[in-house]
Amino acid sequence: MTVITDHTTPKPASTTRYPLPGPRCYAYSVALRTGLLASGSALLCLWAAPAGAETAPNAAYLHMPHTPPATQQSTQPDTTTTTTTTTTTVTAPAQITGARIVTVTPPAATVPRPGFWDNSRLLPPLTSRPEAYGQPQSLELTPLPTALLHQGPWGVFNANTGAAAGFGTVGYYAVSRWAEDWSSLRDKRNRLDPMDALKYIPFNTNGDIYLTLSGNFRQHNFYDQRAGFGSTKKEPAYRNNFRWNAGADLHLGEHVRLYGELMSGQAAGINYYGYAGGRWRSRLDAQQAFVEVRGRVLNATVGGMAGRMTFLDAPPYFTAGSVYPSVPYSWNGLRGYAFWKNFRIDGFYLTLTNNAPSAMFHDQVGWNSRLFGAYTSYAVPSFKFLGRNSQIFVDTFYLGTILSKSPLPSLAGGSIAGSTHRDTPGTRIWGNAGPLEFSVGAMWQGGEFRAAKNGPTRPVSAYAIDATLSWRFAKWPGHPAIGIQVDSVSGGNMRKGQRSSWGSFLSPYVPSAYYLDMSTYIGQSNLIDVGPIATIAPTPNTTLLLKVPAVWRNSRQDAIYASGTAFYAYRPHGAYTATMPQASFTWRATRHITLGIDGEYIFASHTMTNAGATSGAFVQSNIELTF
């Protein structure tokens, strides 16, 4: 079978002294040789970072727009350079968060170098790269300048580059562009980049009616030596896809905003496969269009959204928006949220956009796939452990899904057509305790499967346990985090009768490809995997992810899955499936340019090769241009 991949009382301003870090500049010659980027060169000025940096300090450096100024003494010295530290006296605003008062270092005090090619201290977090969403998000070991924290008024939930707020990661740019908040640009001292002129366009003297424009171009290139364990019969396959999107975010005061985004995507290649449907090739259409109303109710920041939007408020091993196809998932419906100091809740009822129509502006509100439920998160009061700032989140949630097309595998290698309704309650505990960074989650899944043509109904009982634990060596070069990843996801039994319970866990909306398998040959169903994992930042604007998962089938009586609704025709006798060493390198050359390359080799087991599967390599390159 062919694989289907797919925030309060203000304090007066006062005078504070801020140390100025000493610069260390290095010349880099950058040659960008792709089909879309010509050769060029640039000067990158890198700023020194404290060697004794703390593990996950983003929880302690929160950006709260629309808050009055206050001050706090900055005390941390620069310990990585022998250059004499100089100081200057400035009036420094600070932000008041639900957790603590946070220093804001005005750009006027640090005298940054504006421009297209910028020093690495002013680069956005690498963890805001959409593809890396779901990986350990504590790579930013030093506090970021205010002008780089374009996050909403989410208080402690802006920790870990905003991932805890439920809207995806938010750095200088966000996974979901509407999650960015550029209101800090009312203060012209925060304008560091020529493109900032497009990020805050005021329409009144108060500055609370303004427009933010955004845009992105992305290209992925894929090489599959033997795609899907050789099941596609395309050997090798060269695929490439690209997309561009443009967004406009209109704020009508503090309480109402309108967001719209257009997107178009195309795909091509040599000996390619898997381009059926509208998510790889899609003409220009409305990817997002919604209205949001926000205010203060019962001491909480409360809001509601209605229209078409992206959705990321789920564990990354359940869904991450699906970033590989040209057009990621977009949803239609209603969403409401409330944020208190240490607790948040998000409720939603959404239907997946049908982008199969080929004509422009013909995407539809699809009713064949629905996602609904509620997600809550409690921020444990921050603490120190082993001398490091620590923050832990305890999430509980219910995720309901309805799929009109969700086949089950059969013994003969085919499938049983039908629909399914799944109810998935779960919990996730994640964050850091000193140098220990971790995420541990458990989900149980109930519901039913209904065979097509009035066939029998089968109850569902399944589970998933997903865990990563890493130790951050903050004083080592590159600040590596080294640990282990373990997942156990239940499978079914094809040998049982048509009315028996089904035990295979379903994650239909494509988990993060960077959580387990970059090639997406292996999905989050019927598997057990274990392997080492490491993240390292070789330089301030590069990151490297390494992992070597070994994968088994949880149930030998179930198939091997490529995604929640796609499985292979292979029916091997043994449980061991494959070992998949993989690496991902990302270079954020400037705030606007991100380059990356990923590689993986899939070593198929003997039982897999005896069943007709083959081993093979997967390589992917990534180019992203963003403003």
Side-chain angles (χ1 to χ4, degrees), residues 3-6 32-37 126-135 168-169 173 175-177 215-228 232 234 236-245 263-283 287 310 316 319-330 355 510-523 542-545 562-563 580 582-589 592-602 616-626:
V3 182
I4 304 175
T5 58
D6 211 6
L32 309 179
R33 301 180 183 268
T34 69
L36 298 169
L37 296 179
L126 285 158
T127 49
S128 66
R129 178 183 174 220
E131 288 83 350
Y133 178 71
Q135 290 304 323
T169 53
Y173 302 120
V175 176
S176 296
R177 305 303 302 273
N216 174 268
F217 174 84
R218 190 203 71 175
Q219 182 180 14
H220 282 174
N221 301 287
F222 305 92
Y223 165 77
D224 298 85
Q225 186 180 19
R226 296 180 179 90
T232 66
K234 302 286 187 177
Y238 300 87
R239 296 175 295 148
N240 62 76
N241 73 319
F242 64 88
R243 72 164 185 237
W244 68 267
N245 57 284
M263 182 173 289
S264 177
Q266 295 299 324
I270 301 172
N271 207 27
Y272 59 79
Y273 67 94
Y275 286 165
R279 298 193 56 228
W280 289 93
R281 292 170 171 161
S282 180
R283 294 186 179 182
Q287 174 75 357
T310 57
T319 185
S322 187
V323 298
Y324 273 2
S326 309
V327 180
Y329 286 136
S330 72
N355 50 21
V510 188
S512 169
Y514 288 78
Y515 180 77
L516 175 63
D517 175 23
M518 296 174 188
S519 70
T520 69
Y521 296 169
I522 296 290
T542 61
T543 185
L544 178 65
L545 167 66
S563 71
M580 305 181 295
Q582 49 200 283
S584 175
F585 178 78
T586 303
W587 173 35
R588 178 139 282 174
H592 307 286
I593 301 175
T594 303
L595 307 177
I597 187 166
D598 309 327
E600 177 179 356
Y601 196 89
I602 299 89
F618 170 84
V619 180
Q620 174 188 344
S621 64
N622 314 289
I623 303 169
E624 193 152 5
L625 311 177
T626 307

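Every value quoted in this text rests on a predicted model; they were computed, and no experiment measured them.
S282 places none of its side-chain heavy atoms less than 4.5 Å from the side chain of R243. Between R218 and N241, the closest side-chain pair of non-hydrogen atoms falls below 4.5 Å. Counting heavy atoms from C-beta outward, M263 and N355 have side chains that stay 4.5 Å or more apart. Taking 4.5 Å as the limit, some side-chain heavy atom of P328 sits within range of a side-chain heavy atom of Q287. By the 4.5 Å heavy-atom criterion applied to side chains, S519 and I602 are counted as neighbours. Inter-residue side-chain proximity for T594 and T586 is flagged as met; some heavy-atom pair is nearer than 4.5 Å.
A salt bridge between R239 and D224 is present, with a side-chain N of the basic residue lying under 4.0 Å from a carboxylate O of the acidic one.
Within the model, atoms CG of D517 and CE of M580 stand 4.0 Å from one another, a figure rounded to the nearest 0.5 Å. Separating the CG atom in L595 from the CG atom in N622 is a distance of 9.0 Å, to the nearest 0.5 Å.
Contacts of R226 classified as side-chain contact (heavy atoms from CB on, under 4.5 Å), with partners at least two apart in sequence or in another chain: E235, T614. F222 pairs by the ring pair (Phe, Tyr, Trp, His ring centres under 6.0 Å) definition with H220, Y324, not counting sequence neighbours.
Counting only N and O atoms by type, the side chains of E624 and N216 include a donor and acceptor under 3.5 Å apart.
Ring geometry for Y521 versus F618: interplanar angle over 60°, hence perpendicular rather than tilted (30 to 60°).
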